[in-house]
Amino acid sequence: MSHYWRLDDGRQTLVLATKDELLPQVVYWGKPLPKSDPSTNLAEAHQKDFTGGMLDKNPNLSLCPEANQTFPGQPGLRCRDTKGSPIHPKFQFLSATENTNDLILTYQDKRLGITYQAHFMLSPQTGIITTWASLSSTRPIWLQWLAAPVFPAPQYSSDMLDVSGRWLGEFQINRVPWSAGMHLRESRTGRSGHEHFPGLIIPEYGASNMEGQAYGFHYGWSGGHKMIAEELPDGRRQIQFGNATDSELEPGLQFETAKLYIVFSDQGLNGCAVAFQRHLRDRIIIFPKASVPRPVHYNCWEAIYFNHDISVLKQIATKAKSLGAERFVLDDGWFGKRDNDTTSLGDWQIDVRKYPTGLGPIVDHVKALNMQFGLWIEPEMVSPDSELYNTHPDWVLGPKDQLLGRQQMALNLSLQEVSDYLFMCIAALLNDYDITYIKWDHNRVLPISDVSQTRKVYELLARVRTKFPHVEIETCASGGGRIDFGILNYTQRVWLSDSNDAVERSKIQHNAALFLPSAVTGSHVGPRQCHTTGRIFDMKYRAWIAAQRHMGFEMDPREITDLDAQILLDVTQWYKDNRNWLMKADILRLDSSDPSVIAEMQLAQDGSRFVIFKNQIETSAQINPRPLRLAQLDPEASYLIRLINRDQIHNLSRGNPVLKNQKLQMSGTWLMAHGINLPYALPSSIWVVEGHKL
Ligand code: DGJ
């Protein structure tokens, strides 16, 4: 018997079909189809020819491609029995549960006692389809690999865009050409990782940020994942995402992949980006009080590192407050004997040498300034030089003789006593002090790839969130080493990078916007001379880069000049005046005709207003600035636009582009087709243009 299932949300149609009782395949995913296209025809019309040298039928590129169907590529499932022999289930249809936007398909191999389920949830508000696979067995099996439901990749595409990175250089976008065989990305280090952010965008021919068709994928798992983008010998292409191979360390009866978030866009990469941004912010993250504006942060890491001194910290807090900070975060160095990064992780007791009467004096000082107090912790780790390690050397994850990372080891959270100890330490701090924010760090990769470690981290986070629902948590792992929609179920902000170099940061946050909204993306004004690159940027530039996301400061505020203080105060005030709509706005990456310019537009969800940031990261090859086209405006509407930081016009700008001296009223069509002309810009400077729909 044939089976068909269809999901529609007005921006895309997804059709699954099978002509028999075997697992279905995606026979259509793309622009919304008219209802008049019957699913039977869609399935028939999807059939391809075959020729000599091939099988007498094209094996299905099903939701879980099966080895025993002579599938010519990577299978969606690899498992073994407890004696180590490979098992090759042949799944047959059992049932389907279908609602308007949800679908669960259940398939079974009765002989082997193995059941496979594919789940789909379409969110019409955001356009994201959430999908995952689960597997159950009547007898224990070893799971090596289970892909979330497998999707075909478009044929009208020459490249894919995946994401790599490193410490201080997260979210680097790579254009990888399709070619025969498999492009494999795997994070085997127990974190989503700086190196392998679990995301993929496949642009079709001619697609750019602003135009064309594209398909987006993001796997929401923090424990290491695998991605396969494979071109089969017959030319078809498949995309698989799942937990890292062999990261299930025990045989079991039940398994589940993490959630795979996918979307089709006919508005270029921005269509995918906006769907991911909205879905994360509005459907995944739980803010304790969603209506409260994102507070301006002050984080003391780059000001004092491990040198904690209460009187200095009080001065810093007072000064940060005067610059506009609303939340003060005490970073690493307050516990154990933590004078540097070789010691004390695990000893979550306050260092009485630095805080003789506890954290009370600094918390009280911060609260008296009417700021919130936040605290840094790194619960999953232990220093070999610590009381915890001396008492419980057996609490460590992985072999005793493992390589250290930042002189530390990870704790084995699968041991209940470890989780309980960590919860007790965190709860004691949150009970003893008025702490409303945690920066939760994770500064080394894991010695083994183990799904249960990640599940237990999620459980610990959930336990903290349940007991202290008013406390927000920032996910940090040496900057952006653990950013994904999995951990963001329990956290509210990402520390995107340890690079506060304004140029580097602007690149990182611009690329991260393919997946992350402003409201969760931390961005801080660092010291004048950047600590990680040694480069010097003026305050105007640093402040505007930070104001593009969830804004904060991280320099020593006592060192800045009165002039810089005034600049920072002004830009921070601009952030505060605008954050209510900005934190809910869509970030649109603008196609720039000049590689020296990174430009983005943040468009209010009701389309009534926007702001453009045209960031001159280096000197342009050509002498005159090229015009900048805007995106996703109402073509018929008129907009009034204004360059708001005209004080930065340099005397090398000798002409009179209209925005240099006055406001400009133009149609959406003109703004999108012609583009705006802005004055000549020095490298490391930024133009900020506001627009209102009339
Ligand atoms: C790494 C983080 O990314 C930094 O911001 C800082 O919190 C340090 N850890 C503290 O050790």
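Atoms within a ligand are numbered from 1 in the order they appear, just like the ligands themselves. Computed from a prediction, not measured in an experiment: that's the story for all the values here. The basis for the numbers below is simple: all heavy atoms, side chains too, and nothing from hydrogens, waters or symmetry mates.
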Using the ring centroid of each side chain, check whether Trp376 and Trp440 are separated by less than 6.0 Å. no
Test of proximity, Cys476 against ligand 1: N or O pairs below 3.5 Å: no
Using a 4.0 Å cut-off to any heavy atom of Trp495, which atoms of ligand 1 qualify? 3 (O), 5 (O)
Residue and atom name of the nearest protein heavy atom (relative to atom 3 (O) of ligand 1), distance in Å to one decimal: Asp498 OD1, 2.4 Å
How far apart are the C-alpha atoms of Asp434 and Lys367, what are their side-chain angles, what is the distance that settles it, and do they pass the side-chain contact (heavy atoms from CB on, under 4.5 Å) test? CA-CA 8 Å; Asp434 188 358; Lys367 299 292 300 175; 3.0 Å; yes
Between Arg535 and Glu504, is the closest basic N to carboxylate O distance under 4.0 Å? yes
Do NZ/NE/NH1/NH2 and the carboxylate oxygens of Lys354 and Asp309 come within less than 4.0 Å? no
Ligand 1 contacted by Glu554 (non-hydrogen, < 4.0 Å): no
Hey, can you tell me if Phe306 and Trp301 have their rings parallel, tilted or perpendicular (30° and 60° cut-offs)? perpendicular
At less than 4.0 angstrom from any non-hydrogen atom of Asp332, what atoms of ligand 1 do you find? 10 (C), 11 (O)
Here's a test for you: under side chain to side chain donor-acceptor pair (under 3.5 Å), which of Arg185, Arg188, Lys226 qualifies with His196? Arg185
Between Lys439 and ligand 1, is there a nitrogen or oxygen pair with a distance under 3.5 Å? yes
Under a 4.0 angstrom heavy-atom cut-off, which atoms of ligand 1 come close to Gly479? 3 (O)
Any Lys/Arg nitrogen of Arg579 or Glu326 sitting under 4.0 Å from an Asp/Glu carboxylate oxygen of the other? yes
Ignoring angles and geometry beyond distance, decide whether Asp441 reaches within less than 3.5 Å of ligand 1 through its nitrogen or oxygen atoms. yes
Could you tell me whether Arg353 and Asp339 have a side-chain N and a carboxylate O separated by less than 4.0 Å? yes
I'd like to check which ligand 1 atoms, numbered from 1 as shown, lie under 4.0 Å from a non-hydrogen atom of Asn443. 1 (C), 9 (N)
Nearest protein heavy atom with distance in Å, relative to atom 6 (C) of ligand 1: Asp331 OD1, 3.4 Å
Ligand 1-proximal atoms of Arg406, by part, heavy-atom distance under 4.0 Å: side chain
